[in-house]
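Reminder, nothing fancy here: chain letters follow the sequence lines and each chain counts from 1. In what follows, every heavy atom counts, from backbone to side chain, and hydrogens, waters and symmetry copies are set aside.
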Protein chains: 2
Amino acid sequence: MAGVRVVVVDDDPLVRAGLRMILGGAPDLDVVGEAVDGQDAMDVVARELPDVVLMDIRMPRMDGLAATRRLKERGSTARIIVLTTFDTDEMVLTALQLGAAGFLLKDTAPADLVVAVRRVALGEPMLSPSVTTQLIAAVTRPSDDGRRRKARTLLARLTEREREVADAVSAGMTNTEIARSLHLGVATVKTHVGSVFTKLEVTNRVQVARYVHDAADDR
Amino acid sequence: MAGVRVVVVDDDPLVRAGLRMILGGAPDLDVVGEAVDGQDAMDVVARELPDVVLMDIRMPRMDGLAATRRLKERGSTARIIVLTTFDTDEMVLTALQLGAAGFLLKDTAPADLVVAVRRVALGEPMLSPSVTTQLIAAVTRPSDDGRRRKARTLLARLTEREREVADAVSAGMTNTEIARSLHLGVATVKTHVGSVFTKLEVTNRVQVARYVHDAADDR
DNA sequence: CCCCGGCTCCACCGGATGGTGGAGGCGGAA
DNA sequence: TTCCGCCTCCACCATCCGGTGGAGCCGGGG
């Protein structure tokens with residue numbers, strides 16, 4: 001059976017030659033095409049229908065990220081591995097959001113590159129260690145973590161009713177609206193709002209909204 | 001020179017034996033201790049000061065995540081690889097936020113496990129492919145992209161001053177406080193707040209806070 | 001049994017808020 | 001220059017909010 005069909009996209013002939021050599025050394029990988037920039041890649045990918053595209057970012061005419069977006073928009077099923085020298089935080093996130101299956105630095109060892117192509121062809125992701133580190137840092141955001149924990153503990157002190165009222169308050173409702181929506185008297189709502197203020201140690205409803213939203217997600 | 005010092009933490013004797021065998025097969029890795037649960041791990045790690053800890057999650061007395069938190073709190077420099085059968089989204093994020101350097105599924109090939117320990121010992125992260133996929137999904141979530149975009153476009157209509165006031169409002173300040181903080185008259189603040197309401201098409205300040213926070217990201 | 005906490009309401013009050021309709025200054029575009 | 005948008009303020013007023021000090025009801029626990 002046929003091997004993994006790979007297209008290499010890079011404006012540097014030396015890089016293309018190098019990649020072709022590395023990947024060609026693996027019997028199960030076939031480099032079926034090359035492109036010199038993103039524009040060119042559109043045609044080559046459309047013609048060759050590869051399983052995997054190795055895509056440089058810095059290229060004339062159309063860069064690798066734009067090319068990735070275009071390919072995805074055109075419904076190409078090719079899995080794309082972004083290959084670059086630098087891994088700025090923004091590039092990594094952009095590439096992954098565009099649907100790149102891999103993000104490798106150009107200092108990746110040849111053997112690892114081959115492994116990456118195989119894995120990506122199987123639908124698995126493949127990131128360079130430093131890229132993984134960045135990704136972890138992105139989800140780890142310790143900043144809101146402390147705030148969130150505090151918000152959660154404070155909100156935990158609220159009774160069921162108070163939490164409902166607090167939610168309504170943070171939805172931007174007035175006391176009258178809350179009363180209608182919870183089938184309560186306005187006086188009751190005011191009481192609950194008051195105890196929410198006390199328990200959260202705040203003095204107005206905007207601050208309640210802050211706590212509720214902090215605890216929610218923020219992810 | 002000595003190899004990488006590894007401690008294995010798992011309540012299942014068979015798993016411990018298996019890991020010991022796998023890691024023992026690598027000449028540069030030394031399994032210097034075992035623990036049967038999180039509690040036990042505290043002592044063993046304190047005594048052996050390993051470079052890497054292979055940590056199961058489901059364990060009696062103290063689970064692997066709690067143990068990871070404790071070790072980090074105690075200032076242990078050991079890099080921790082979480083080993084588990086299931087990779088729920090929550091576990092992955094929790095483990096990484098606690099500072100785990102790796103997250104591997106128990107179906108990881110022995111050779112990959114050895115590679116993982118070496119890489120983690122060098123300070124690089126190591127995640128199983130499915131874990132990486134989850135991580136990517138976590139940062140990619142366009143979540144409330146629509147809402148955020150709407151919030152941004154609406155906020156973009158605000159003038160500089162109005163935006164400052166809107167920010168202050170969403171910080172939970174009263175008009176008087178805002179006036180002081182921006183060196184304005186209270187009347188001016190009220191005017192700005194009013195036009196913010198009009199432009200954002202809302203009727204109270206909590207809703208302003210919602211827009212501002214939606215646009216910010218919370219990512 | 002009584003007490004306590006939660007839920008439901010009430011009245012009263014001062015201050016904050018939101019809506020309306022102004023006014024004057026200032027800088028840039030027409 | 002004239003116009004227009006932005007920023008700065010003003011007054012008036014109805015409403016809403018937030019704080020205080022109640023009250024009655026209910027269910028669980030000491």
Checklist line | Student check: side-chain heavy atoms of B:Ile81 and B:Arg119 closer than 4.5 Å | finding: no
Next item on the list: Identify which nucleotide among D:dC10, D:dG18, C:dG19 has an atom closest to any side-chain atom of B:Thr203, counting heavy atoms from C-beta outward.
Entry: C:dG19
Could you list the protein-to-nucleotides 23-29 of chain C atom pairs, N/O on both sides, closer than 3.5 Å?
none

Checklist line | Verdict with supporting geometry, A:Glu177 and A:Arg180, salt bridge (charged side-chain N to carboxylate O under 4.0 Å, His left out) | finding: CA-CA 5 Å; A:Glu177 287 168 342; A:Arg180 259 202 299 277; 5.3 Å; no
Notebook entry, point to check: Does OP1 or OP2 of C:dG6 have a side-chain N or O of A:Arg161 closer than 4.0 Å?
Noted result: no
Notebook entry, point to check: Has B:Thr159 got a side-chain N or O lying under 4.0 Å from the OP1 or OP2 atom of D:dC7?
Noted result: yes
Margin query: Looking at A:Thr188, I'd like to know whether one of its side-chain N or O atoms comes within less than 4.0 Å of OP1 or OP2 on C:dT8.
Written below: no
Check: Which is true for B:Thr191 with a 4.0 Å heavy-atom rule: it touches a base, it touches only sugar-phosphate, or it touches nothing?
Finding: base
Notebook entry, point to check: Nearest to the side chain of A:Glu160, which nucleotide is it out of C:dG18, C:dC7, D:dG18?
Noted result: C:dC7
Margin query: Assess whether a salt bridge exists between A:Lys106 and A:Asp56, defined as any Lys/Arg side-chain N lying under 4.0 Å from an Asp/Glu carboxylate O.
Written below: yes
Next item on the list: Could you tell me whether A:Gly185 contacts a base, only the sugar-phosphate backbone, or nothing, with contacts defined as non-hydrogen atoms closer than 4.0 Å?
Entry: sugar-phosphate
Next item on the list: Look at the side-chain N and O atoms of A:Asn175 and state whether any lies under 4.0 Å from the OP1 or OP2 oxygen of D:dC16.
Entry: no
Checklist line | C:dC7 phosphate, OP1 or OP2, under 4.0 Å from A:His192 side-chain N/O | finding: no
Note to self: Could you check whether any side-chain heavy atom of A:Val44 comes within less than 4.5 Å of a side-chain heavy atom of A:Val9, counting everything from C-beta outward?
What the structure shows: no
Margin query: Please report the interatomic distance CG(B:Leu96) to CG(A:Leu135), rounded to the nearest 0.5 Å.
Written below: 9.5 Å
Notebook entry, point to check: Per the atom types in the model, does the base of D:dC16 pair as donor or acceptor with the side chain of A:Thr174 at under 3.5 Å?
Noted result: no
Next item on the list: Please determine, for the side chain of A:Ala187, which listed nucleotide (C:dC9, D:dG18, C:dG18) has the closest atom?
Entry: C:dC9
